[in-house]
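Contents: one structure, followed by commentary.
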Amino acid sequence: MVSLFKVGDIVWSKVHKYSVTFYHRPCKVLDCLGSEMVVQVLDNGSTFIVNAYKFELVPPGGILRPGDKLIHSETKEILIFTKYHDSGYIKCRNSLNEEKYVKICVVER
């Protein structure tokens, strides 16, 4: 069976199913097992077996870095990315330097 990805690829989930390898959290492919693959979460080192069909390659510039400015798509609040969290959340700071946990799916660059 042909694998969708190769070892070393940087991928992220394109679905909201997973709690640690959640939607748009970057992971590195460690092993390809047909329709499944072993990935390592880049920012915390955890490894998981996931469904390869629910992942895609991270586009150039897609990974959030500390200090990146984001806009909350609903409130239009400007946020500064701090780090990835779990269950679809990212940690950010607002203009008052207050810490916030925000769903990654509601932010834009």
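Just so it is clear, the values below take in all heavy atoms, side chains as well, and ignore hydrogens, waters and symmetry mates.
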Quick one: closest heavy-atom pair of [X] and [Y], and the distance?
X	Y	answer
Val41	Phe48	CG2-CE1, 4.0 Å
Asp68	Ile63	OD2-O, 4.0 Å
Tyr53	Ser35	CE1-CB, 3.4 Å
Cys27	Thr21	SG-CG2, 3.8 Å
Gly34	Ala52	O-CB, 4.3 Å
Phe5	Phe55	CZ-O, 3.4 Å

[atom1]/[X] to [atom2]/[Y] distance, rounded to the nearest 0.5 angstrom?
X	Y	atom1	atom2	value
Lys83	Lys91	NZ	NZ	5.5 Å
Gln40	Asp31	CD	CG	12.5 Å
Leu4	Glu56	CG	CD	11.5 Å
Glu108	His72	CD	NE2	10.0 Å
Ile90	Asp43	CD1	CG	11.5 Å
Asn51	Met37	CG	CE	8.0 Å

Exercise for the section: Please check if atom NZ in Lys14 has more than 12 non-hydrogen atoms from other residues, nucleotides or ligands closer than 6.0 Å. Expected result: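 Atom NZ in Lys14 is packed in, count exceeds 12.
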Practice task
Please indicate whether Leu57 has more than 12 foreign heavy atoms, meaning atoms of other residues, nucleotides or ligands, lying under 6.0 Å from its CG.
Solution key: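 Buried by this count: over 12 neighbours within 6.0 Å.
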Problem - Shared hydrophobic cluster for Ile10 and Leu30 (ILVMFWY, side-chain gaps under 4.5 Å) - result: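 Looking at the clustering, Leu30 is in a separate group from Ile10.
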Exercise for the section: Please check if Val58 and Tyr23 belong to a single hydrophobic cluster, counting links between Ile, Leu, Val, Met, Phe, Trp and Tyr side chain heavy atoms closer than 4.5 Å. Expected result: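 Yes, one cluster joins them.
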Handout entry: Minimum side-chain heavy-atom gap Leu70-Val102 below 4.5 Å
Key =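 Answer no - side chains too far apart.
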Exercise for the section: Report yes if the side chains of Arg93 and Leu79 come closer than 4.5 Å at any heavy-atom pair, otherwise no. Expected result: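 The answer is no; the side chains never approach within 4.5 Å.
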State whether the side chain of [X] and the backbone N or O of [Y] hold a donor-acceptor pair below 3.5 Å, judged by distance alone.
X	Y	result
Tyr84	Pro26	no
Asp9	Val11	no
Lys103	Ser87	yes
Arg25	Ser13	no

